[in-house]
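In what follows, a single structure is set out as structure tokens and then discussed.
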Amino acid sequence: MNLHESPEDAAFRAEVRDFVAAQLPEDIRQKVLGFLRVPREDYVRWQRILATRGWGAPGWPAEHGGCGWNAVQRNIFDEECFTAGAPRQMPFGLAMIGPVLIKFGSDAQKARFLPRIVAMEDWWCQGYSEPGAGSDLASLKTRAERDGEHYVVNGQKTWTSFAQWANWMFALVRTSADAKPQRGISLLLIPMDTPGITVRPIRTLDGGHDVNEVFLDSVRVPVENRVGAENEGWAIAKYLLGHERTAIAGLGMCKRLLRRLKELARTQARHGRPLIEDPRFRDKLARIEIDVLAHEWALARLISLERAGLGLGAEPSMLKVRGSEIQGELGELLMECAGPYAVPLVEAALEFGYDGPTPAGAELNALAGQYLDLRKVAIYGGTNEIQRGLIGKSLIPL
Amino acid sequence: MNLHESPEDAAFRAEVRDFVAAQLPEDIRQKVLGFLRVPREDYVRWQRILATRGWGAPGWPAEHGGCGWNAVQRNIFDEECFTAGAPRQMPFGLAMIGPVLIKFGSDAQKARFLPRIVAMEDWWCQGYSEPGAGSDLASLKTRAERDGEHYVVNGQKTWTSFAQWANWMFALVRTSADAKPQRGISLLLIPMDTPGITVRPIRTLDGGHDVNEVFLDSVRVPVENRVGAENEGWAIAKYLLGHERTAIAGLGMCKRLLRRLKELARTQARHGRPLIEDPRFRDKLARIEIDVLAHEWALARLISLERAGLGLGAEPSMLKVRGSEIQGELGELLMECAGPYAVPLVEAALEFGYDGPTPAGAELNALAGQYLDLRKVAIYGGTNEIQRGLIGKSLIPL
Amino acid sequence: MDFTLNEEQQMLADTMARFVQNEYEFEARRKRLAEGPSDALARQMAELGLFALNVPEAHGGIGAGAVETLIVMEGLGRGLVIEPYVASAVIAPRLLATFGSEAQKDRFLGPIAEGRLRFALAALEPHARYDLENVQTHAVRRDGGWRLDGAKAVVPHGDSADWLIVTADTGAGVALMLVDAKAQGVAIDGYPTLDGQRAAEIHLDGVVVDDACVIGEPGQGLELADWATDQGLAALAAEAVGAMAKLTELSCEHLSTRKQFGVPIGSFQALQHRAADMRIAVEQARALALMAAAHVESTDRALRRRAASAAKAMAGRSGRYVGQQATQLHGGMGMTEELACGHYFKRLTAIDMTWGNTEHHVERYGELL
Amino acid sequence: MDFTLNEEQQMLADTMARFVQNEYEFEARRKRLAEGPSDALARQMAELGLFALNVPEAHGGIGAGAVETLIVMEGLGRGLVIEPYVASAVIAPRLLATFGSEAQKDRFLGPIAEGRLRFALAALEPHARYDLENVQTHAVRRDGGWRLDGAKAVVPHGDSADWLIVTADTGAGVALMLVDAKAQGVAIDGYPTLDGQRAAEIHLDGVVVDDACVIGEPGQGLELADWATDQGLAALAAEAVGAMAKLTELSCEHLSTRKQFGVPIGSFQALQHRAADMRIAVEQARALALMAAAHVESTDRALRRRAASAAKAMAGRSGRYVGQQATQLHGGMGMTEELACGHYFKRLTAIDMTWGNTEHHVERYGELL
């Protein structure tokens, strides 16, 4: 065992930290750390800054334009970027369709799409979920019928994050009805400006608009846009879902929220003194910081064991559960910092640069929305109930 | 609605309180409130004091020597007795076999046994559970074979509370093997001094000895000791389990523990001042007192609705769950009061009158054992998991 | 004790259910949410007697009590009604009927009963968080009245009130006063709140209030504000019970209809147990809302305060649990504005943060141990 | 960072597993529990090198580090070993090796490595609860040494120690001293603890200690006691991890074998989820026990203290959860002395209450925020 960060890793951490501190545009940092709305162009701007540095694709092998980093480095990179207030690197290209193309794509597809993902010349969205189907891929209903050199796609996708900003969607579609449910699925790459595509926003509790329904009405997709063989999309989908399992720990987000919480606890007062000096609130801070530390060390241990080939069982599920619980609690505590001023919610003040009135400043105005939004972490990526089931079954031989 | 205790009920409460204050022997009170061991004779002594007053059987109709009280009065009586430190009235005669005899017993059985229950001339124990069967009565294995005017009983019972003190046991036995599991069960009354009965103590976590295994080896029981018809014991067992469902709230115990906790919080110090002035601990006290109040009002409401014929659904299960959670937490907080002095456990000091050394007095010495013992409340009388299942199923139409 | 509804109470409960059904079904409510509180609806509520409830009969009211208020609030909670109600129909009439001068009663109680005057409780200040006693608004004596300077924070429906109930430090104790919202020097900055309702920051800049608008004695104001807030707390606790009860029912409905892997998700044991815990949380909150109704009018000050804080703390804790779990059980759809679930969650969250959150009321209760 | 065991560490872990298997299987342990700590077993542990672990090689030890200590403690925790170990084999050798004089090292470290001297940490006092700095034991200067009067509370294995590590107030700061347990004026009242181990109240009545027995400088004692306690906390946290990991395994075994209604109870979803939460609790405690091992030797005082408190707080919280849930999952049998379950629950409870419970360490951590 060596429980201290290696000098190489520590140096790498310092390098990332310095880079982010120097290169992350101040306005973006403020939006992200202040829980304000982050517009499309900010994600693109930051991704291009990273790409220019050669850090556009941390998880990819070097020969495809990636960094070739190991899991420890990727984790350090994520953590430093998150903590400093960088917007997340959109996963739809980098962590989803990118790795799929690297493994299953044709050479032409790789050449065409991979560089544009790294430079964020394309914005991808994911066409997986369908209404009523939850995480049950086998019940996929969207159909694609062959018509010469095209598929004609009909159906509906939902929970499609940032579809309103995307120019490409990768979508699972049913290309054969007679096979058993898992077979007969194919993966198509669909330009979002194809006629027949309609995007309908789904407003979330915090008033935000990240997710959408996408309706596909006789959408014609060239056959060359299919990834892998026809009817073999199931294996691709499974590969994609099994990818980057340690990222679901959300450690960077936990650390970002914790840092913010401690800042607010220093500026907000209760009974006339800073919250951080209130014994009750200080205990809560201590507890949650201890939780974050445990989460951090559990993740570090998992990454180390995985590198040593000791294999991942249900551990990623454990990290998912803990990460979401911690983020949920941090959301609560952030809101508690604001006290009565968590109640006001002036939507316009969620935009950067707003200079109209808010009862107690934009920073408190954003906290209730953030609390509500953070509830989603226990739902997406496989609900915590599903994760607990996986863990439990792995422990109990029946 | 009338949310205040009626003058009659308030007067009744005062009467009970005065009576207990005047009549409960001081040594018994100290044992009970100090979590010391309460010997057999103390239970008998207190029961006889109550019986002399005419309060020996609160739940029975007057014509059988009971008080004929309504549910509100029974609840007031229980609460006042518990809070003041009276030992519980043993349920095995009063709440279990007594009501069964009143409903299913022959006149001869009633005349023979009921008065002796009220005066506690008999100590009853319950022969229901069997090893490995949990609460699943249908899998009962103890057999009773007819031999002239006797049954010959062979088998094993477990979790038999106070079998070591009992002179009678009521036991479910299988009198017919060919019927389906629920049929073929009979209820027998067995003198504990019958040859062939062996009692083996089961030590519990707190070092206590309340429960036992009881082995029955060719035990001869007169046929006249059967209650109800042969093979019809299932209905009797069900009647018994459905009886006195609001008592499982354990409100009296909650109040007793809370009162004790507040006393200790005044005498135990932290950072040089009484625990009750420590903001952290005071918050915990406030929270648990609020919980106890909610429990009390929920119970009062349930009793009122039940009296109005609005019927009990899953509400008793809710009270069971909350009551056990509250008792568990009170056990934790009591132990926390003692801090490091919760660790010592001198068994001899659990006996009243012990005057040997203990590190910090008998009152702290008993707290860890009490904490451990209180865990059982979430297990007995139908585990909290079973209760939650009942509640959940009653809420969700499937 | 008798927890059953008598005939009048049952009628009141039925009235509330009908009102919500007719005016506040989900789509209708979405429209109302976009348009804000409606005068027509307020008139309708007045016709139903909802504003007369806490006005004594002698002043044209119904003279009902805390139990009837609880029934109404539970109904408003179930319907997630956004119309301003508590300050105008519970706090103001009770406060004036109990502590007001005869002149104040004659002047205000009639119009209150008819739903023609709106009040707002403006007792908390920007840096005071939930501490009523932290009053920095000053009242300086000037002929036959007072001159007020200061600020009040996050006043529910402060921007639609005709009268503000305000604390001010006179130098010789705090006074509770009625301030005309249109008086010179009153600036009201309204804004939306997370639950789709409204609140306001209020600035008092040399506002002149005459003696006739002081409630009780100057110097008695802190105690009166505390009393008035307790009336509000009891009402909010009952509203929370209505909201969380309804939300639990919606969640159980969802569990029984939504299918995954071919079966209703309500057949999964873990979700059954969750529903049970939600139901238990509702039961605990309801028990203490009833207790608050029993004691909020008590002259035993400690009893009243303990009851109000216990009920509000439990409403906050149970509401948070039920809101979070309902969202979780509803899955992704629970995170959206498109189902009622999230709207209940938001209102429960806002109730928790109003006039003292769970933590504040646990602490207040602890001081009375 | 590398969390895999190297070859020596793996051997050590295997040694511990074998030791526990041979000497501490459930029935064997019950016998040991009745008989109390065994000299023969202590010798065997010494032969395995367990007492030499924290003694520097220069003094006949192995000179291993915090990671090896963690491995050993986890093993002892899994086996619920009752033999006195932490104070003698972790705290004393580390304290002396780091802060002791050369004479102290020469005198004590060799016998410690051979398992021939037992120590007890006697720093907390009867009215101090968990506050190390609350020292009422007085040390008065007398030729070439000190005269001690005072009392020490709930000293783990205090009645089988040869030497006591004691804090005393000199009037010019606190000193940390070694007191011969057989010295005149030392009264040791031993008693059993809830987990079947032992502790003692210790009275010091005019006990004479000479200067050679002061560790470090007089006046430095509080810092040294704090440092020493942190070594103990890290060790206890690791022991708790071993105990709760084993208890979780036992519970899962029970779930897979115990049947109700004809199926293993582990097929019920709610119990699967419970097992998952227990496993997660173990993982969190393990993570911080590792963190404590990483930092407990740090010269960064705040880092060391934070790590020790975080690990102990998490061990307490996780241990409580796992202990309670294991008992619940085992049903009635979990409440008895007849299954291992309850014994683990009791040890985890005792660990939580030793040298600061969860609440104490959360507070201590909070002071360092």
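Not measured: the values here are computed from a predicted model. We name chains A, B, ... by the order of the sequence lines, and we start the count at 1 in each one.
- The part of A/Ala269 that comes within reach of chain C is its backbone (N, CA, C, O), which places non-hydrogen atoms under 4.5 angstrom from that chain.
- The most heavy-atom pairs under 4.5 Å with chain C, out of A/Gly369, A/Ala368, A/Pro359, come from A/Pro359.
- Nearest heavy atoms, C/Ala350 versus A/Val343: O-CG2, 4.1 Å.
- Without hydrogens or angle criteria, C/Gln328 side chain to A/Ala378 main chain gives a donor-acceptor distance under 3.5 Å.
- For C/Ala153, the parts lying under 4.5 angstrom from a heavy atom of chain A are both the backbone and the side chain.
- Here the OG1 atom belonging to A/Thr204 is positioned 11.5 Å from the CE atom belonging to C/Met333, to the nearest 0.5 angstrom.
- Separating the CE atom in C/Met335 from the CZ atom in A/Arg203 is a distance of 14.5 Å, to the nearest 0.5 Å.
- For NE2 of A/His271, the number of neighbouring non-hydrogen atoms (other residues, nucleotides, ligands) closer than 6.0 Å is greater than 12.
- Only the side chain of A/Leu275 has a heavy atom closer than 4.5 Å to any heavy atom of chain C.
- Two residues are said to be in side-chain contact when any heavy atoms from C-beta on lie closer than 4.5 Å; C/Val154 and A/Pro344 meet this criterion.
- The residues C/Glu363 and A/Arg280 are annotated as salt-bridged, a charged nitrogen and a carboxylate oxygen being separated by less than 4.0 angstrom.
- Both the backbone and the side chain of A/Glu336 have a heavy atom closer than 4.5 Å to some heavy atom of chain C.
- To the nearest 0.5 Å, atom OG1 of residue A/Thr383 and atom CG of residue C/Leu329 are 10.0 Å apart.
- Rounded to the nearest 0.5 Å, atoms CZ (A/Arg270) and NE2 (C/His360) are 8.0 Å apart.
- Heavy-atom distances place no part of A/Ala360 under 4.5 Å from chain C, backbone and side chain included.
- Across C/Met353, C/His127, C/His343, the residue that shares the most heavy-atom pairs under 4.5 angstrom with chain A is C/Met353.
- Ranking A/Val346, A/Asn384, A/Thr158, A/Leu372 against chain C, the residue ahead of the rest is A/Leu372, based on heavy-atom pairs under 4.5 Å.
- Note: A/Met335 CE to C/Asp352 CG = 7.0 Å, rounded to the nearest 0.5 Å.
- Proximity to chain A (any heavy atom under 4.5 Å) is restricted, for C/Asp131, to the side chain, taken from C-beta onward.
- Heavy-atom distances place the side chain of C/Phe345, and not its backbone, under 4.5 Å from chain A.
- Across every non-hydrogen atom of A/Gly339 and C/Tyr130, the tightest pair is C-OH, 3.1 Å.
- For C/Arg274, the part sitting under 4.5 Å from any heavy atom of chain A is the side chain, from C-beta outward, and nothing else.
- When each of A/Asp373, A/Leu345, A/Val211 is checked for heavy-atom pairs under 4.5 Å with chain C, A/Leu345 comes out on top.
- For A/Tyr380, no part lies under 4.5 angstrom from a heavy atom of chain C.
- Looking at C/Pro126, both its backbone and its side chain come within 4.5 Å of chain A, counting heavy atoms on both sides.
- Residue C/Thr336 comes nearest to A/Leu205 through the heavy atom pair O-CD2, 3.6 Å, listed as atom of the first residue, atom of the second, then distance.
- For a residue to count as touching a neighbouring chain, one of its non-hydrogen atoms must lie under 4.5 Å from one of that chain's; by this rule A/Pro357 does not touch chain C.
- Only the side chain of C/Asn357 comes within less than 4.5 Å of a heavy atom in chain A; its backbone stays farther off.
- Only the side chain of C/Leu271 comes within less than 4.5 Å of a heavy atom of chain A; its backbone N, CA, C and O stay farther away.
- Between the OG atom of A/Ser139 and the NZ atom of C/Lys259 there is a distance of 13.0 Å, given to the nearest 0.5 Å.
- For chain A, the option among C/Thr349, C/Thr354, C/Leu124, C/Asp189 with the highest count of heavy-atom pairs below 4.5 Å is C/Thr349.
- When every heavy atom of A/Ala342 is checked against every heavy atom of C/Leu194, the shortest pair comes out as O-CD2, 3.4 Å.
- With chain A as partner, the option from C/Glu337, C/Glu201, C/Glu338, C/Arg129 having the largest number of non-hydrogen pairs under 4.5 angstrom is C/Arg129.
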